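Predicted, not measured: the structure shown is a model, and the values here were computed from it. Hydrogens, waters and symmetry mates play no part in the numbers below; they use all other heavy atoms, side chains included.
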Amino acid sequence: MPPDSFRDRILTLVRQIPYGRVATYGQLAALAGAPRRARQVGHILRHAEDPMLPWHRVINHRGRISLPHGAGYEVQKQLLLQEHIEFDADDCIDLDRFGWRPAFD
DNA sequence: GTACTGACGACAC
DNA sequence: CGTGTCGCCAGTA
C-alpha cells in the first residue's frame, strides 16, 4: 500500500526542527500543507515509533507542553531543558525566542 | 457501520 | 488570562 504522505511529511518536518528550537502542531500541519490538521500531528507523534524522532520539540500554540502530567509531561520538559530551552514560571516557552523559524533554521 | 476520544487551533465571548 | 464551540480526522470500542 502507498505511504501516508501527510504523516510522512510531518515526520520529515519534525526531524528538521533544529536543536534548541520548538515548533507547534499547527505550524507543522501548515508546513505540510494541511493547516487544519494540527490534531492529527499529535496523533502521528503519539503513534510514532522512531526513538530518534525529536518529538519533544513539538508543543502547542500557547508555548506549553500538551502531554498530561505524569504521562510524558515531565519527560518532555527535561528533554527541552537539556537543549537549553527555557520555561517561565507558568511552564510556558517563549515562542518568539525558541520557536523554529524555517527561514532562519 | 456508529459513537466517542484526543500530544490541536481559530474564533467568539 | 478563561471557557465554549466548531472543524479536523486517526484510533478505539
Side-chain angles (χ1 to χ4, degrees):
Chain A
M1 63 175 281
D4 182 329
S5 60
F6 177 70
R7 192 182 96 126
D8 214 40
R9 275 181 239 170
I10 291 300
L11 294 177
T12 297
L13 286 166
V14 172
R15 283 187 254 267
Q16 289 175 2
I17 303 172
Y19 176 96
R21 292 287 192 70
V22 295
T24 69
Y25 300 93
Q27 177 183 10
L28 294 176
L31 288 172
R36 312 259 180 138
R37 300 222 235 149
R39 204 164 201 167
Q40 274 60 268
V41 175
H43 259 266
I44 291 166
L45 295 186
R46 185 164 77 81
H47 288 272
E49 295 175 9
D50 182 357
M52 289 296 97
L53 189 73
W55 58 269
H56 56 281
R57 294 182 191 145
V58 184
I59 60 179
N60 65 36
H61 194 255
R62 300 159 62 198
R64 313 241 278 136
I65 292 172
S66 287
L67 288 168
H69 286 76
Y73 188 101
E74 292 77 7
V75 175
Q76 182 169 11
K77 182 174 180 179
Q78 284 309 309
L79 288 170
L80 292 173
L81 287 173
Q82 285 175 31
E83 301 192 359
H84 310 128
I85 289 171
E86 299 166 26
F87 289 76
D88 68 11
D90 293 317
D91 264 6
C92 196
I93 296 170
D94 185 345
L95 292 177
D96 289 330
R97 296 172 58 203
F98 302 102
W100 176 37
R101 291 182 276 286
F104 295 77
D105 249 20

Does the side chain of A:Gln76 reach to within under 4.5 Å of the side chain of A:Leu79, using non-hydrogen atoms?
no

5′-ward residue of the pair A:Arg64/A:Arg37 relative to DNA chain C
A:Arg64

Residues A:Val14 and A:Val58: closest non-hydrogen pair is CG2-CG2, 4.1 Å

Separation of atom CG in A:Asp90 from atom P in C:dC1, rounded to whole Å:
8 Å

Correct closest heavy-atom pair for A:Glu83 and A:Gly20 would be OE1-N, 3.0 Å

With a sphere of 6.0 Å drawn around OH of A:Tyr19, does it hold more than 12 non-hydrogen atoms of other residues, nucleotides or ligands?
yes

Considering only heavy atoms from C-beta outward, does the side chain of A:Leu11 approach that of A:Trp55 to under 4.5 Å?
no

Scoring nucleotides 5-13 of chain B by protein non-hydrogen atoms under 4.0 Å (B base, S sugar-phosphate only, - none) yields -BBBSS---

